[in-house]
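Data block below; observations after.
None of these values were measured; they are calculated from a predicted model. Just so we're on the same page: letters track the sequence lines, and every chain starts at 1.
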Amino acid sequence: MDAITQNLDLFWNGFLRSLTICLWGGVGSLVLGTFIATCRVAPVAPLRTFGTAWVTVIRNCPLSVLLFMFAFGLPEIGINAEYYYFGLAALIIYTSAFVCEGLRAGINSVSAGQAEAARAIGLTFTQTLTQIVLPQAFRTSIPPVGSVIIAMFKNSAVVGAFGVGLDLYSVGESLTSAQGFAALPVLTGVAIGYLMITLPAGVGLGVLERKVAIAR
Amino acid sequence: MTDAPTDDNPTDSPPATHRPLVVLDKVNKHFGDLHVLKDIDLTIGEGEVVVVIGPSGSGKSTLCRTINRLETFETGTIEIDGVALPDEGKELARLRADVGMVFQSFNLFAHKTIRENLTLGPIKVRGLGVDKANERATQLLERVGITEQADKYPAQLSGGQQQRVAIARALAMDPKVMLFDEPTSALDPEMINEVLDVMTGLAKDGMTMVVVTHEMGFARRAANRVVFMSGGQIVEESTPQEFFTNPRSDRAKDFLSKILTH
């Protein structure tokens with residue numbers, strides 16, 4: 001246990017760093033995923049093609065490959081940024097494909113009559129989507145999208161492994177390999193750190209789901 | 001101005017005193033191989049109540065849904081108040097705001113309260129202020145006999161109440177014409193009359209209405225004209241009196257014999 005108690009501030013900072021990645025990753029992938037889902041149901045064929053292509057390509061690429069491309073590929077064509085931003089961008093893009101599909105399941109669960117009624121009173125496509133379809137779709141999408149977001153929290157560890165540095169995973173790595181602490185207690189500490197993010201998230205999702213449940 | 005029905009439908013429809021509001025000209029539509037609307041010509045005058053009846057699969061619901069282009073059509077034109085239906089987009093949305101629609105399955109917005117169902121369109125489409133929209137919603141709910149349910153959600157209301165709210169929601173847009181697509185077909189029998197009463201009241205107030213229904217009593221009571229469809233065509237159109245007592249076509253006679261015997 002010394003490994004944890006001696007390095008408590010390191011763990012705490014790593015936890016905060018990971019939490020930041022999770023929060024920005026969550027917000028970013030929800031926004032981008034919603035946009036891609038909107039494309040996939042849009043009445044404009046090129047947008048649908050774009051959305052489908054996005055999901056097909058991104059969903060079927062390993063996250064590590066995406067990270068490599070961002071971290072090492074982009075600088076080759078002259079795009080430079082901190083690893084932190086590259087890692088975050090790759091994580092958001094990767095997760096957006098899954099968020100999109102979870103949302104689309106929700107959109108498909110909203111009866112066609114809801115959108116018809118909205119169009120019949122003169123709402124435009126965008127208004128129909130934002131006022132009527134998406135609010136109802138979000139409710140049904142909470143379990144699948146929630147799972148995707150929790151998976152993303154854990155995937156942030158993969159981003160850490162790519163040298164974002166100072167996040168929970170990196171703390172564990174440096175304590176074990178560089179400073180020679182025993183792996184088991186250190187990794188237990190890392191795992192507890194991730195559980196401190198994912199468990200409350202899971203509880204929060206349950207609360208959210210009950211709160212917005214509507215009778216139909 | 002004339003709204004005389006087209007020549008291939010020699011009918012005794014009401015005299016041409018109405019200004020034509022909805023004009024369908026040679027409208028054709030297919031569902032795959034099925035020709036659901038065949039050369040439909042139909043003119044609906046301002047203030048006229050036209051009831052569309054016919055066997056299931058005759059294309060009457062499709063016809064109704066085509067008028068505000070919830071269903072697309074391939075050839076022909078549909079004009080509403082002199083304006084041809086445009087393609088999907090802002091123009092069409094604007095035109096749809098003038099055409100009220102009541103669905104068989106109510107389709108009230110499930111995540112919005114009754115009041116919000118009535119105010120959404122006026123606020124978002126007409127740009128009405130929230131207070132004005134609320135005031136109007138209260139009036140309309142009173143008119144359809146739903147007074148104490150404004151803050152409930154649709155699922156908390158009975159079918160008949162939901163359908164009356166749906167009528168109020170359409171009225172909130174101050175439509176030029178109202179389309180009813182089998183408005184009582186999904187209702188329990190004891191709730192049908194409360195909806196038909198509201199519709200009869202509307203007809204009396206001079207609302208232009210196109211009603212697809214199996215309620216022959218309503219057709220007799222409220223319609224200026226009955227349009228009988230079969231196999232995607234308008235087979236017969238005449239006054240309710242004429243249609244129910246003296247149908248001319250065999251298909252209409254056959255249809256009436258099936259529905260009026262019990």
Checklist entry - Mind checking whether A/Phe72 and A/Tyr83 have parallel, tilted or perpendicular rings, split at 30° and 60°? => result perpendicular
Item to check | Inter-chain contacts: residues 162-186 of chain B against chain A, heavy atoms under 4.5 Å | outcome: B/Arg169, B/Met173
Item to check | Donor-acceptor under 3.5 Å (A/Arg40 side chain, A/Ile36 main chain) | outcome: no
Give, as side chain, backbone, both or neither, the part of [X] having an atom under 4.5 angstrom from any heavy atom of chain A.
X        : result
B/Phe103 : side chain
B/Arg126 : neither
B/Leu108 : backbone

With rounding to the nearest 0.5 Å, note down the distance linking [atom1] in [X] to [atom2] in [Y].
X        : Y        : atom1 : atom2 : answer
A/Phe86  : A/Leu74  : CZ    : CG    : 5.0 Å
B/Leu196 : B/Leu202 : CG    : CG    : 11.5 Å
B/Asp25  : B/Leu42  : CG    : CG    : 11.0 Å

Checklist entry - Any ion pair linking A/Arg119 and A/Glu116 (charged N to carboxylate O, less than 4.0 Å)? => result no
Checklist entry - Do the charged groups of B/Glu91 and B/Arg94 touch, with an N to O distance under 4.0 Å? => result yes
Checklist entry - If we ignore angles and hydrogens, is there a donor and acceptor under 3.5 Å between the side chains of A/Ser170 and A/Asp167? => result yes
Checklist entry - Do you see a donor-acceptor pair shorter than 3.5 Å between the side chains of B/Arg115 and B/Thr138? => result yes
Item to check | Choice from B/Asp98, B/Asn68, B/Val125 maximising heavy atom contacts with chain A below 4.5 Å | outcome: B/Val125
Item to check | Contact class of A/Ala115 relative to chain B, heavy atoms under 4.5 angstrom | outcome: neither
Item to check | Region of A/Gln114 in contact with chain B, defined by heavy-atom distances below 4.5 Å | outcome: both
